[in-house]
2 protein chains.
Amino acid sequence: MTAQRNELNAVSDNADQRATAVSDQRAIPDATVARLAIYLRALTGLGERGTATVSSEELATEAGVNSAKLRKDLSYLGSYGVRGVGYDVASLTEHIQMTLGLNRNRAVALIGIGHLGQALVGYAGFASRGFRISAVIAADPALVGTRLRGLTVQHVNNLNEVVRSEKIAIAVLAVPASSAQDVCDRLVAAGVTSILNFAPTVLNVPAHVDVRKVDLAAELQILSFHDNRKAARADCAPFAEVAPATGAVSVR
Amino acid sequence: MTAQRNELNAVSDNADQRATAVSDQRAIPDATVARLAIYLRALTGLGERGTATVSSEELATEAGVNSAKLRKDLSYLGSYGVRGVGYDVASLTEHIQMTLGLNRNRAVALIGIGHLGQALVGYAGFASRGFRISAVIAADPALVGTRLRGLTVQHVNNLNEVVRSEKIAIAVLAVPASSAQDVCDRLVAAGVTSILNFAPTVLNVPAHVDVRKVDLAAELQILSFHDNRKAARADCAPFAEVAPATGAVSVR
DNA sequence: ACGTGTGAAAATATTCACAGCT
DNA sequence: AGCTGTGAATATTTTCACACGT
C-alpha cells in the first residue's frame with residue numbers, strides 16, 4: 001500500500017535520562033517531539049480559521065497522522081483535552097509552544113550566505129514560527145559589511161562576540177561541506193549548543209551539543225529508492241495501481 | 001577517537017514499504033534506507049581520498065553512526081564485506097547506488113522559484129549526487145519564459161507535457177503553503193509519484209505516491225525543545241556540564 | 001588475529017481497544 | 001453519545017555479543 005503520509009524525521013536523543021534523579025518531568029519521546037512541531041503548525045492553521053475546538057481525529061487528519069498516535073503524543077504533555085469534546089485549540093497551542101520552548105523568541109544565527117543561506121534569511125516561515133534571524137555571518141571578506149534583510153553581515157572571526165551580544169540560541173550552518181566542521185568548532189567554542197546543519201557532512205561535536213541535519217540530496221535518494229521499488233513492483237504486477245484517489249491518512 | 005556521537009538526526013521514514021507480498025526481495029527497513037544515503041556520501045568521500053577498503057568501524061565513524069548498526073544495515077544489501085578485512089569502497093559504493101536506484105540519472109522538476117526554489121536550482125549537491133533538475137516550473141506568468149540556470153521557466157499549466165517529455169521521476173515542491181496542495185494534485189494527475197515537499201503543509205496524495213517533507217521551522221523547534229531541556233537541567237544541577245568532550249555516544 | 005554477518009535481547013515507537021469522564 | 005487517556009499488544013529499530021570466514 002505504500003501509504004502516503006509524511007511522518008517526520010526522527011530525532012536524536014542525547015541521553016537525558018535520570019541525572020538529577022528528581023525533577024524528571026516525564027520524558028517526552030523523541031518521535032513525539034518531532035511531531036509536536038507539526039501539530040503546532042496544524043493548530044495555528046485551525047486557530048486562524050476560527051476553530052475553537054478540535055477532536056483528536058480532526059487534528060490528526062490535519063497533521064497527517066492517525067488519531068491514536070496523536071492522543072498518545074499529547075498525553076505526554078498532560079491532560080489538555082476534554083472527554084466527549086476534544087481539545088481547546090488556543091490552550092493546546094500554547095501548551096505545545098511552551099513545551100517546545102517557543103515562549104521566548106529565540107535568536108538564530110545564520111552562517112554562510114550562498115544561495116541557500118540567502119534563501120534562508122528571507123524565509124518567512126522562521127519568523128512566523130518563533131524564530132528570528134539576528135545575525136548573518138560569512139567567511140568571505142567581500143561579503144562582510146554588506147547588508148542583507150536589515151542585517152549587517154559579520155565576519156566569522158567575530159563569532160564569539162556576536163553569539164554573546166545577540167544571545168544566539170541556535171546556529172544554522174549553510175556553508176560548504178569543506179568548511180562545515182571548522183565553522184562548527186568555532187560555534188561550539190563560542191558556546192552554541194544547537195546547530196541545524198545543511199552541509200552534507202557529519203559534524204563532530206561534544207556531547208552537550210545538539211545537531212540536526214537537513215541533507216537535500218539524501219532526501220531525493222530516499223525517494224529514488226522507493227520509486228525504484230514501485231517500478232519493480234509494477235513490472236511484476238501491472239494492475240496493482242488501484243489507489244483510493246484521495247485516501248485519508250489511513251495507512252493501516 | 002573522533003567521537004562520532006553525532007548520532008543524532010535520525011531518520012524519517014515516510015511511506016512504509018513492505019507490501020508486494022511476493023518477489024519480496026528482502027525488504028530493507030526504512031530506517032536503513034535513510035542511512036544508506038549517508039553511507040554513500042561517506043563512501044564517496046573515502047573514494048575521492050583514495051581509500052580502497054574500510055572497516056565497518058571506520059565507515060561508521062565517518063557516517064556518524066555506530067558500527068553494529070552499519071553492519072546490520074549493509075547486511076540487508078547482501079554480503080559485500082570480507083571478514084577480517086572490511087568493505088571494498090568502490091564496489092560497496094556501486095551496490096548502494098544500485099539499491100537506491102541511482103544508476104539511471106533521475107530527472108527532477110522544481111516547482112516554485114521563490115528564494116528557496118532559486119537556491120535549490122543552484123544547489124550543486126543535487127547534480128553531484130545523481131539528480132538533474134530538468135524542468136523549472138512557476139505559477140507566476142511574469143516568470144514564465146525567463147531563463148534560470150540554462151532552463152526556461154515553464155508554466156504550471158504545462159505540467160503534463162513537461163513531466164512526460166522530460167520523464168520526470170521526482171518533483172520538488174517549493175511553493176507557498178497556500179498553493180501546495182493544488183500544485184501537488186496537478187503533479188499527481190501528471191503522473192508524478194515522488195514528491196519532496198518544502199511547503200509547511202501536509203499533502204494529501206493517493207497511496208501510490210510518496211511524499212517526503214522538509215520543514216525548516218520544525219527542525220528549529222525540535223532543537224529549541226532540546227535546548228530548553230538542557231537549560232532546565234543546568235538550573236537544577238549547575239555543575240552538570242562536565243561533558244566528556246569526546247565521550248562516546250553514551251546513551252547507554 | 002581481525003572484522004563481518006547475524007541471531008537474540010533490549011529499547012523505541014505505533015496501534016489497538018476500551019474504561020471512564022463529560 | 002462522544003471522545004479522551006492509557007494499559008496492553010504489536011511492530012520496528014537499535015544494540016549486544018559471538019560464531020565464523022579469511
Nearest-angstrom distance from the residue atom NZ of B/K72 to P of C/dT4: 15 Å

Whole angstrom is fine here: how far is it from CD1 in A/I28 over to P in D/dG5? 14 Å

Of A/D73 and A/G84, the one whose closest nucleotide on DNA chain C sits nearer the 5' end is A/D73

Between P of D/dT14 and CG of B/L70, the distance in whole Å: 12 Å

Check whether the side chains of B/D73 and B/T32 place a donor and an acceptor atom closer than 3.5 Å, and report yes or no. yes

Pick out which of A/L203, A/V188, A/L187 makes a side-chain contact (heavy atoms from CB on, under 4.5 Å) with A/V209. A/V188

OP1 or OP2 of C/dG5 less than 4.0 angstrom from a side-chain nitrogen or oxygen of B/Y87, does that happen here? yes

With a 4.0 Å cutoff (strictly under), does any side-chain N or O of A/S79 reach OP1 or OP2 of D/dG5? yes

Check whether any side-chain nitrogen or oxygen of A/S56 sits under 4.0 Å from OP1 or OP2 of D/dT4, and answer yes or no. yes

Figure out the CG/C1' separation between B/D88 and C/dG3, and round it to whole Å. 15 Å

Upstream residue (5' side of DNA chain D) when A/A68 and A/V85 are each assigned their closest nucleotide: A/V85

Length of the OH-C1' vector between A/Y76 and D/dT6, whole Å: 10 Å

Counting distance alone, no hydrogens or angles: does the base of C/dC2 have a donor or acceptor under 3.5 Å from a partner atom on the side chain of B/R83? no

Would you find a donor on one side and an acceptor on the other, under 3.5 Å apart, between the side chain of B/T93 and the backbone of B/V89? yes

Compare the minimum distances between each of D/dT13, D/dT6, D/dC3 and the side chain of B/P29, then state the nucleotide with the smallest one. D/dT13

Do A/R106 side-chain atoms and A/G101 backbone N/O form a donor-acceptor pair below 3.5 Å? yes

Interatomic distance where NZ belongs to A/K69 and P belongs to C/dA17 [whole Å]: 17 Å

Salt-bridge criterion met for B/R129 and A/D215 (N-O under 4.0 Å): yes

Measure CG/A/N66 against C1'/D/dT10 and give the value in whole Å, please. 14 Å

Euclidean distance, atom CZ of residue A/R35 to atom P of C/dT14 [Å, nearest integer]: 4 Å

Could you work out which one of C/dA13, C/dT4, D/dT15 sits closest to the side chain of B/R71? C/dT4

